[in-house]
Amino acid sequence: MELRDKLSAVRSTAKDQLSLLNSKRKSENALLLPFFELLGYHPFDVREVVPDYVIELDAGRERTVDYVLKKDGSPAVFVESKEVGTDLGACDSAPLLRLLKKSKAPIGALTNGIEYHFFADLERFYSVLEGATVPDTRPFLTFDVFHYEDDEVENLECLTRSEFDADGILPHAHRLKYKRLFRMYLSEQVEEPTEEFVKFLAKQVHDGEAFEDMGMYKSCAREAVRELFGNGGGGEAQGQHSVQGGTKEDEDKRLRVQGEEGIHERDSNGASEAGLVLENHREPRLERELGDT
């Protein structure tokens, strides 16, 4: 059975039991153990799934984590669980990362049984790079059992017991982390480009020195980014030949009409002639076309 099929079965079972999970122990039995199993770790074999795993700290101190997943006798992933409904985004991940440094596992997970945030001790990877900076505390991978896309399932494959590679997991986690962060950033720019992003684009393509007023470029940048990333990821070719279901000529005509309407509206509000000359060089403000990403 493929991972997608296993996830579908776990999701169905979890939804059926969700209203009954009023304690952490119930959540672990109903949600975590089946999730470990779909990753290929036998939940009732303590050679693979170890509950109450002890991590030795400094000065003889110890810390117990809820679970550790092992492959070939070596720790692969340790897991800290929270009650169902816990907002993982509000949880401080710094303690978990500190535990990673002390543990022998390269990966740590924080979960409420439905959502999983996976963290990597990337300092082990960055330590071999000259001039590397201290990494931030954001997860390299997030997964929601109730809501996931095909590419997220593919990303999860690297944590399955059959695919887990102790030597290669950290550079892979680095790639997943920054691919995820870049996509999040670009999604934000699709919604509303920041002045910094618009300024960067203007400097790359402007013939001569770019105008200081980024309003001259903002709507252009918004349209370009939405054509590339906001309509199903069609890419550059899609943006050149088809815009919102029409040709590029149709889009140019639409922009001219909107521009004329915008000038007429400003004129009716008593805008000065000098102001209209400037506005004539600006693209009209476009309505927000995308929902939250």
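Across Pro193 and Val198, no two heavy atoms sit closer than the pair CB-CG2, 3.7 Å. Residues Ile169 and Ala166 approach most closely at CG2-O, 3.7 Å, considering heavy atoms. The two atoms that bring Thr194 and Gln189 nearest to each other are N-OE1, 2.9 Å, heavy atoms only. A pairwise comparison of heavy atoms in Leu110 and Cys91 identifies CD2-CB, 3.7 Å as the closest pair. Here the shortest heavy-atom pairing between Ser93 and Thr137 reads OG-O, 2.9 Å. Heavy-atom minimum distance, Ala109 versus Val77: CB-CG1, 4.3 Å.
Sorted pairs that involve residues 71-113 and meet ring pair (Phe, Tyr, Trp, His ring centres under 6.0 Å), not counting sequence neighbours, are lacking altogether. Sequence neighbours left out, not one pair with a member in residues 40-65 passes ring pair (Phe, Tyr, Trp, His ring centres under 6.0 Å). Screening residues 11-40 for ring pair (Phe, Tyr, Trp, His ring centres under 6.0 Å) gives Phe35-Tyr116, Phe36-Tyr67 as the qualifying pairs, with residues at least two apart or on separate chains.
Without hydrogens or angle criteria, Asp121 side chain to Pro106 main chain gives no donor-acceptor distance under 3.5 Å. Checking side-chain atoms of Ser12 against main-chain N and O of Ser8 turns up no donor-acceptor pair under 3.5 Å. For Lys177 (side chain) and Arg138 (main-chain N/O), a donor-acceptor pair under 3.5 Å exists by modelled atom type. Of the possible donor and acceptor atoms, none in the side chain of Arg222 sits under 3.5 Å from a partner among the backbone N and O of Tyr217. Between the side chain of Arg226 and the backbone N or O of Glu191 there is at least one donor-acceptor pair closer than 3.5 Å. Glu80 places no side-chain N or O within donor-acceptor distance of the main-chain N or O of Thr111, the cut-off being under 3.5 Å. Counting only distance, with no hydrogens or angles, the side chain of Lys71 and the backbone of Ala76 share no donor-acceptor pair below 3.5 Å. Distance alone, capped at 3.5 Å, is enough to place a donor-acceptor pair between the Gln204 side chain and the Phe200 backbone. The backbone N or O of Ala9 lies less than 3.5 Å from a partner atom in the side chain of Thr13, making a donor-acceptor pair.
For the pair Glu48 and Arg161, the minimum side-chain heavy-atom distance is below 4.5 Å. The side-chain heavy atoms of Leu57 and Leu99, taken from C-beta on, include a pair separated by under 4.5 Å. The shortest distance between side-chain heavy atoms of Glu83 and Arg25 does not fall below 4.5 Å. The side-chain heavy atoms of Val79 and Val65, taken from C-beta on, include no pair separated by under 4.5 Å. Side-chain contact between Leu176 and Cys158 is present, with at least one heavy-atom pair separated by less than 4.5 Å. Two residues are said to be in side-chain contact when any heavy atoms from C-beta on lie closer than 4.5 Å; Ser187 and Met184 fail this criterion. With contacts defined as side-chain heavy-atom distances shorter than 4.5 Å, the pair Lys6/Val10 does not qualify. In this structure the side chain of Leu159 reaches within 4.5 angstrom of the side chain of Leu141, judged on heavy atoms.
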Q) Hey, mind stepping through Asp45 and Lys70 against salt bridge (Lys or Arg N to Asp or Glu O under 4.0 Å) and telling me if it holds? A) CA-CA 10 Å; Asp45 186 340; Lys70 286 187 172 185; over 6 Å; no
Q: Please report the C-alpha distance between Leu20 and Lys26 in whole Å, then the side-chain angles of each, then the deciding distance to 0.1 Å, and finally whether the side chain to side chain contact (heavy atoms under 4.5 Å, CB included) criterion is met.
A: CA-CA 8 Å; Leu20 304 175; Lys26 289 180 180 178; over 6 Å; no
**Q.** side chain to side chain contact (heavy atoms under 4.5 Å, CB included) between Arg180 and Thr142, intermediate numbers included
**A.** CA-CA 9 Å; Arg180 173 175 172 268; Thr142 63; 3.4 Å; yes
Q) So Thr64 and Ile55, side chain to side chain contact (heavy atoms under 4.5 Å, CB included) or not? Walk me through it. A) CA-CA 6 Å; Thr64 301; Ile55 298 176; over 6 Å; no
Q: Would you sort out whether Lys102 and Glu56 count as a salt bridge (Lys or Arg N to Asp or Glu O under 4.0 Å), showing the intermediate values?
A: CA-CA 7 Å; Lys102 299 298 182 181; Glu56 295 183 0; over 6 Å; no
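Glu163 CD to Leu39 CG: the interatomic distance, rounded to the nearest 0.5 Å, is 11.5 Å. Rounded to the nearest 0.5 Å, atoms CG (Asn22) and OG (Ser27) are 8.0 Å apart. Going from atom CG of Leu21 over to atom CG of Asn112 covers 11.0 Å, rounded to the nearest 0.5 Å. Taking CZ of Arg175 as the start and CZ of Phe140 as the end, the distance is 11.5 Å to the nearest 0.5 Å. Annotation: the span from Thr86 atom OG1 to Ile114 atom CD1 amounts to 11.5 Å, rounded to 0.5 Å. For the atom pair CD of Glu152 and CG of Asp144, the computed distance is 8.5 Å after rounding to the nearest 0.5 Å.
Taking the ring pair (Phe, Tyr, Trp, His ring centres under 6.0 Å) definition, one finds that Tyr185 meets it with Phe197, sequence neighbours left out. Annotation: salt bridge (charged side-chain N to carboxylate O under 4.0 Å, His left out) contacts of Glu115 (sequence neighbours excluded): none. For Asp87, the side-chain contact (heavy atoms from CB on, under 4.5 Å) partners two or more places apart in sequence, or in a different chain, are Ala90.
Of the N and O atoms on the side chains of Ser81 and Asp66, at least one donor lies less than 3.5 Å from an acceptor on the other residue.
Atom CD of Glu62 sits in a crowded spot, with more than 12 heavy atoms from other residues, nucleotides or ligands closer than 6.0 Å. Counting non-hydrogen atoms of other residues, nucleotides and ligands closer than 6.0 Å to CD of Glu157 gives a total above 12.
Just one of Ile107, Leu69, Val68 meets the side chain to side chain contact (heavy atoms under 4.5 Å, CB included) condition when paired with Pro75; it is Val68.
In summary, Arg4 and Glu154 engage in a salt bridge, as defined by a charged side-chain N under 4.0 Å from a carboxylate O. Taking a cutoff of 4.0 Å between a charged side-chain nitrogen and a carboxylate oxygen, Glu192 and Lys218 qualify as a salt bridge.
Both Phe146 and Leu33 are part of a single hydrophobic cluster, where members link through side-chain heavy atoms under 4.5 Å apart.
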